[in-house]
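First up is the structure itself, then whatever we jot down about it.
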Amino acid sequence: MSKALSRPSVSVAGVLMHLLPAVMLFALFAGVGILHVTSRVLVVDMGYRLSNAEGESRSLTRENDRLKLELATLKAPGRLERVAREQLGMAMPKGGAVVSLADERVKGSGTAQARSAAPAVRVAERGTQR
C-alpha cells in the first residue's frame, strides 16, 4: 500500500500548463479563421455593391443618351419653325418689315472694303407698330 501513497500528485495548475499551448494554438487558428471569413464576406459584399453601381451607371448613361437625343430633336430648326407657326401663331415677316442696318464699327472705318466685309444686321418690325 505504500506504493499507492507514493504516486505523484496531479495538480490543476500542472494540467493547465500542459493544455495552455494547445488552447493558445486553437485560439490563434480560430482568430485567423474568423478574420478570413470576415474578409471574404466583405469582398463579396463589395462585389455586389460594385455590380449594382455598374448597373446604375449603365442605366444613367442610357437615360443621358435618350435625353440628348430628345434635346436634339426639340432643338431641330424645322420643329422650332413648325411650333412657332402652329402653336404661337408666328409667321415670316413680309418683305418691307425687314430692315438691314450697317454695323456701327464699319461706319467709323470709312472704307468700302470694310463695309462690304461686315455682315448687315437685320431687324424685323413687330406688326404695324413703329
Side-chain angles (χ1 to χ4, degrees):
M1 236 177 159
S2 65
K3 286 194 174 194
L5 292 176
S6 67
R7 237 176 64 188
S9 66
V10 177
S11 68
V12 176
V15 172
L16 289 179
M17 290 305 289
H18 286 298
L19 290 178
L20 185 63
V23 170
M24 293 299 286
L25 187 62
F26 176 77
L28 178 67
F29 281 138
V32 169
I34 289 171
L35 287 176
H36 177 71
V37 169
T38 302
S39 69
R40 296 304 303 164
V41 166
L42 291 175
V43 166
V44 169
D45 182 54
M46 192 55 65
Y48 284 130
R49 288 184 187 183
L50 180 62
S51 177
N52 289 339
E54 286 174 347
E56 186 177 352
S57 174
R58 282 190 300 272
S59 173
L60 290 174
T61 300
R62 281 193 304 269
E63 178 72 11
N64 191 23
D65 291 343
R66 186 189 66 77
L67 289 173
K68 283 180 182 177
L69 178 63
E70 184 178 346
L71 178 65
T73 303
L74 292 174
K75 289 172 84 173
R79 182 196 166 279
L80 291 176
E81 184 178 351
R82 184 174 34 84
V83 168
R85 287 180 193 271
E86 295 173 3
Q87 294 179 4
L88 302 176
M90 297 176 137
M92 292 298 286
K94 306 286 187 242
V98 177
V99 178
S100 295
L101 302 175
D103 192 1
E104 292 180 15
R105 294 173 289 179
V106 177
K107 287 182 182 177
S109 66
T111 64
Q113 183 181 15
R115 277 188 232 128
S116 65
V121 177
R122 297 177 58 170
V123 178
E125 295 177 359
R126 292 184 181 185
T128 57
Q129 297 177 347
R130 288 204 173 220

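When a residue number appears, it is its place in the shown sequence, counting from 1.
- Interatomic distance, Glu56 CD to Thr61 OG1, rounded to the nearest 0.5 Å: 10.5 Å.
- Considering CG of Leu69 and CG of Asn64, their distance stands at 11.5 Å, rounded to 0.5 Å.
- The local environment of CD in Glu63 is crowded, with over 12 non-hydrogen atoms from other residues, nucleotides or ligands closer than 6.0 Å.
- Side chain of Ser51 to backbone of Gly47: no donor-acceptor contact under 3.5 angstrom is found.
- Taking CZ of Arg82 as the start and CD of Gln87 as the end, the distance is 8.0 Å to the nearest 0.5 Å.
- Rounded to the nearest 0.5 Å, atoms CG (Asp45) and CG (Leu50) are 11.5 Å apart.
- Rounded to the nearest 0.5 angstrom, Glu54 CD and Arg49 CZ are separated by 14.5 Å.
- Using a 4.5 Å heavy-atom threshold, the side chains of Arg62 and Ser59 count as touching.
- With hydrogens and angles disregarded, a donor-acceptor distance shorter than 3.5 Å links the side chain of Thr38 to the backbone of Ile34.
- In terms of heavy-atom proximity, Lys75 sits nearest to Leu80 at O-CD1, 3.6 Å.
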